[in-house]
Amino acid sequence: MCFRISANPIDTLVGYTISRSFVTNNHLFAVGVNQARLVNVSTGQKLDYNSVRNAGVIKGKGQYYIVDRKKMLTVYDLEGDVLYRADGVDKVVGDEHKMVLVKGSSDGISLIVVWDGQKGDIIYSTGLSIDKIELLPSGRYLSIRETEVKSDTRSMKILDCLTRKVIAPLEIQNIPERVVKVTEVENGKSFFNHCGNSNSSFGYSDG
């Protein structure tokens, strides 16, 4: 729920201790326990939200998002108007230009969706359980850690968010290790993975 309040002097954001991020030079978005607030630091106008599970900003687009306790994700503009909604959202990552989310579907399929500031596109789907997603430093590649349903067997994939090509090296598929780490090298020219006590590297071509 959102409440519009004018405040003067500018709110000090006491209690909003989880994160504070500027959406623009004049708009500060702060997150606390079960709550979030957007403040126009020039005018003192506030937009308040409750029942917040997760929240963040897409600074390059002048947008912010909130995932509520019912796993409904909503993207807002600076006026508090709704730009996009998705239900069943379990995980969210992003950078200054986009947001990547994992959502469930009614048939048990997990979907990965990219919101680019204008539209949400499904770029990956799987019948496996998605344990973790992570945007690699270039912002183009997404690491995806999956687990077989009713199993401890894990797999790691790299998804090219631009071409939607999936990279799945054999050495990091169907493995028992809980910790699998992939490092991007030279903006995606190659990748280095650490799995248990072993290390290896693999290349990638988008041609």
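Side chains included, hydrogens not; waters and symmetry mates left out as well; all remaining heavy atoms used. Everything numeric here is computed off the predicted structure, so don't read it as measured data.
Under the 4.5 Å side-chain criterion, counting only non-hydrogen atoms from C-beta, Leu73 is in contact with Tyr84. Put simply, the side chain of Val39 reaches to within 4.5 Å of the side chain of Leu13, judged on heavy atoms. Residues Met156 and Ser143 have side chains in contact (heavy-atom distance under 4.5 Å, counting atoms from C-beta outward). Side-chain contact check for Leu78 versus His27: some heavy-atom pair is nearer than 4.5 Å. Annotation: side chain of Lys71 is not in contact with side chain of Asp87 (no heavy-atom distance under 4.5 Å). You'll find the side chain of Asp68 stays beyond 4.5 Å of the side chain of Arg53, heavy atoms only. Considering only heavy atoms from C-beta on, Leu38 comes within 4.5 Å of Val23 through its side chain.
Side-chain heavy atoms closer than 4.5 Å link hydrophobic residues (I, L, V, M, F, W, Y) into clusters, and following such links, even through other members, never connects Tyr65 to Tyr49. In terms of hydrophobic clustering, with Ile, Leu, Val, Met, Phe, Trp and Tyr side chains grouped at heavy-atom distances under 4.5 Å, Val33 and Val52 are assigned to a common cluster. Linking Ile, Leu, Val, Met, Phe, Trp and Tyr whenever their side-chain heavy atoms come within less than 4.5 Å puts Ile122 and Val89 in one cluster. Hydrophobic cluster membership is shared by Val92 and Ile58, with clusters built from Ile, Leu, Val, Met, Phe, Trp and Tyr side chains linked at under 4.5 angstrom. By the rule that hydrophobic residues join a cluster once side-chain heavy atoms approach within less than 4.5 Å of another member, Val166 and Ile144 end up as members of one cluster.
Asp121 places no side-chain N or O within 3.5 Å of a backbone atom of Ile123 that could act as its donor or acceptor partner. At distances below 3.5 Å, at least one donor-acceptor pair connects side-chain atoms of Arg20 with backbone N or O atoms of Tyr16. Asp77 places a side-chain N or O within donor-acceptor distance of the main-chain N or O of Asp81, the cut-off being under 3.5 Å. A donor-acceptor pair under 3.5 Å is formed between the side chain of Gln63 and the backbone N or O of Gly117.
Taking OG1 of Thr74 as the start and CD1 of Ile66 as the end, the distance is 7.5 Å to the nearest 0.5 Å. Note that OG of Ser155 and CD of Glu148 are 6.5 Å apart. Values are rounded to the nearest 0.5 Å.
Val57 approaches Ser21 most closely through the heavy-atom pair CG2-CB, 3.9 Å.
Salt-bridge annotation for Glu146 and Arg154: absent, with no side-chain N of the basic residue lying under 4.0 Å from a carboxylate O of the acidic one.
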Side-chain donor-acceptor distances from residues 94-103 under 3.5 Å, at least two apart:
residue	atom	partner	partner atom	Å
Asp95	OD1	His97	N	2.9
Asp95	OD1	Lys98	N	3.0
Asp95	OD2	Lys98	NZ	2.8
Lys98	NZ	Gly139	O	2.6

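Side-chain contact annotation: Arg69 with Ser51, donor-acceptor N/O pair under 3.5 Å absent. Remark: the Thr24 side chain and the Asn26 side chain contain no N/O donor-acceptor pair separated by less than 3.5 Å.
Relative ring orientation between Tyr64 and Tyr76 is described as parallel, the plane-to-plane angle staying below 30° on a 0-90° scale split at 30° and 60°.
The neighbour count for Ile109 CD1, taken as heavy atoms of other residues, nucleotides or ligands under 6.0 Å away, is above 12.
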**Request:** In sequence, state the C-alpha distance, the side-chain angles, and the governing distance for Gln35 and Asp48, and then conclude on side-chain contact (heavy atoms from CB on, under 4.5 Å).
**Result:** CA-CA 8 Å; Gln35 60 185 345; Asp48 280 355; over 6 Å; no

**Request:** Start with the C-alpha distance between Val93 and Leu142, add both sets of side-chain angles, then the distance that settles side-chain contact (heavy atoms from CB on, under 4.5 Å), and finish with yes or no.
**Result:** CA-CA 10 Å; Val93 298; Leu142 184 76; 4.1 Å; yes

**Prompt:** Step by step, would you call Tyr124 with Ile133 a side-chain contact (heavy atoms from CB on, under 4.5 Å)?
**Reply:** CA-CA 12 Å; Tyr124 182 76; Ile133 58 173; over 6 Å; no

